[in-house]
*Asks:* 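After the structure tokens below, expect a handful of questions from me.
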Amino acid sequence: MAQRGTLGVAVVGTGKMGADHVRRLHEVTSGARVAAVVDVDEVRAEKIANAIEGCTVFTDPSAAMAADGVDAVLIASPGPAHEAALLTALEYDLPVLCEKPLTPDAASALRVLETEVKLGHRRIQVGFMRRYDTEYMKLRSLLTSGYLGRPLMLHNRHRNAAAPAGFTSANLINDSVVHEMDVTRWLLGQEITAVTVLRPAPSENAPEGLDDPQFVIFETDGGALVDVEIFVNCGFGYQVQAEVVCERGTARIGDGHAMVTNMAGRWGGTIAQDFVERFEDAYDREVQAWVDATRRGEVTGPSTWDGYAAAAVCEAGVRSQTDGGRVEVELVERPALYA
């Protein structure tokens, strides 16, 4: 298919993630330009837009999507605002890259999915950026090859130096473990069928009212067991690691030993301090892949089904936190559009 010209992108949301995507589209990504920025905080949006020639400011996503020169939408607003923006984009039949979550709950995610199914073709890519991380891509390629045999277990560690103010136990699932939910489904090619959340005694570094760390267990329809250590106040940095145990061997990623120094009787390296630093290359690769596919008239990457499935698993995880015990994941039948 012939490739269209430069893609005019409207970025919805100009907070930390949205501002970073504006910078990425303007300075790093080829084949695209920031045609518009959208935010209820017009002053903040104007500060960002003023640095980009031809960038228009809007406070209403619908107005931006209807504007001349807007060919696609990148949604980086808070999760509760996603459903309305996504439905509007589908109404305009615009390609979308939507930061996770697709929406904050399974019911609203299902409404978006059903609208896209009625449209008859994919328009939405969900921003699960780990799928574009070099180490995760190598691990998936290895598993897909079958060289190690069938995956039996997957161990994950997800650590943050410190959680933002107001972070709750539900945020542990919805904002952090959601990434392990997606990579589990992607790496193993299996759906998660049940979630169990266990809690050790909280760390003394955890804010009052937050049970941190927690230990999350997934069961899959392929018979694999998956565990996630989520520790958002570990104090020393940002770490994401994974080890898969297969029938004929194991594979591990995330050790972060790209450079080791030896100096003054010590050896060591550095630890990333946040997700933006750790996954900068993955974000760059994700957005470039989305732009390239959109210019070809295609939609690739994590789908609306992936966003809906993650939302359903999150709901099971939060129920396990609050009610205790094992909670089964409830999914509708997967539509043919996402086969």
*Asks:* Counting distance only, does the side-chain N/O of R199 pair as donor-acceptor with the main-chain N or O of Q321 below 3.5 Å?
*Replies:* yes
*Asks:* Strictly distance-based, threshold 3.5 Å: is any side-chain N or O of S108 a donor or acceptor partner for the main-chain N or O of D105?
*Replies:* yes
*Asks:* Would R140 and D133 pass as an ion pair if we require N to O under 4.0 Å?
*Replies:* no
*Asks:* Tell me yes or no: between the side chains of H158 and Q241, is some donor less than 3.5 Å from an acceptor?
*Replies:* no
*Asks:* More than 12 non-hydrogen atoms from neighbouring residues, nucleotides or ligands closer than 6.0 Å to OH on Y147, yes or no?
*Replies:* no
*Asks:* What's the shortest heavy-atom distance between V195 and G317, and which atoms?
*Replies:* CG1-CA, 3.7 Å
*Asks:* Taking atom CG of D68 as the centre, does the number of heavy atoms from other residues, nucleotides or ligands within less than 6.0 Å exceed 12?
*Replies:* no
*Asks:* Between R334 (side chain only) and Y338 (backbone N and O only), is there a donor and an acceptor less than 3.5 Å apart?
*Replies:* yes
*Asks:* Run the numbers on R185 and D306 for salt bridge (charged side-chain N to carboxylate O under 4.0 Å, His left out), then give the verdict.
*Replies:* CA-CA 9 Å; R185 298 177 58 255; D306 295 314; 3.0 Å; yes
*Asks:* Determine whether more than 12 heavy atoms belonging to other residues, nucleotides or ligands lie under 6.0 Å from atom CD of E53.
*Replies:* no
*Asks:* When you measure from the side chain of D39 to the backbone of E42, do you find a donor-acceptor pair of N or O atoms at a distance under 3.5 Å?
*Replies:* no
*Asks:* Please assess E328 against R326 for the test salt bridge (charged side-chain N to carboxylate O under 4.0 Å, His left out), listing each intermediate value before the final yes or no.
*Replies:* CA-CA 7 Å; E328 294 188 355; R326 174 182 180 273; 3.4 Å; yes
*Asks:* Is V178 close to I173 at the side-chain level, that is, under 4.5 Å between some pair of heavy atoms?
*Replies:* no
*Asks:* Quick check against the 3.5 Å criterion: does D211 have a side-chain atom that pairs as donor or acceptor with the backbone of P202?
*Replies:* no
*Asks:* Kindly say whether D175 contributes a backbone atom to a donor-acceptor pair with the side chain of K100 at under 3.5 angstrom?
*Replies:* yes
*Asks:* Working to the nearest 0.5 angstrom, can you tell me the gap between Y92 OH and D71 CG?
*Replies:* 14.5 Å
*Asks:* Under a 4.0 Å threshold between the charged nitrogen and the carboxylate oxygen, would E180 count as salt-bridged to R130?
*Replies:* yes
*Asks:* Side chains of E116 and T304: donor-acceptor distance under 3.5 Å anywhere?
*Replies:* yes
*Asks:* For the residue pair A76 and G18, what are the closest heavy atoms and their distance?
*Replies:* CB-CA, 3.6 Å
*Asks:* Would you give the length of the straight line joining atom CG of L188 to atom CZ of R150, rounded to the nearest 0.5 angstrom?
*Replies:* 11.0 Å
*Asks:* For P213, does its backbone N or O pair with a side-chain atom of E229 as donor and acceptor, under 3.5 Å?
*Replies:* no
*Asks:* Just checking, any donor-acceptor pair under 3.5 angstrom between side chains of R24 and H21?
*Replies:* yes
*Asks:* Please check this pair: side chain of Q190 against backbone of G222, looking for a donor-acceptor N/O pair closer than 3.5 Å.
*Replies:* yes
*Asks:* Just by distance, with hydrogens left out, do D93 and H121 show a side-chain donor and acceptor under 3.5 Å apart?
*Replies:* yes
*Asks:* Between T168 and L210, what is the shortest heavy-atom contact and its length?
*Replies:* C-CD1, 3.5 Å
*Asks:* So which heavy atom on V126 is nearest to which on S303, and how close?
*Replies:* CG2-O, 3.4 Å
*Asks:* Answer with yes or no whether the side chains of Q288 and D284 bring together a donor and an acceptor at under 3.5 Å.
*Replies:* no
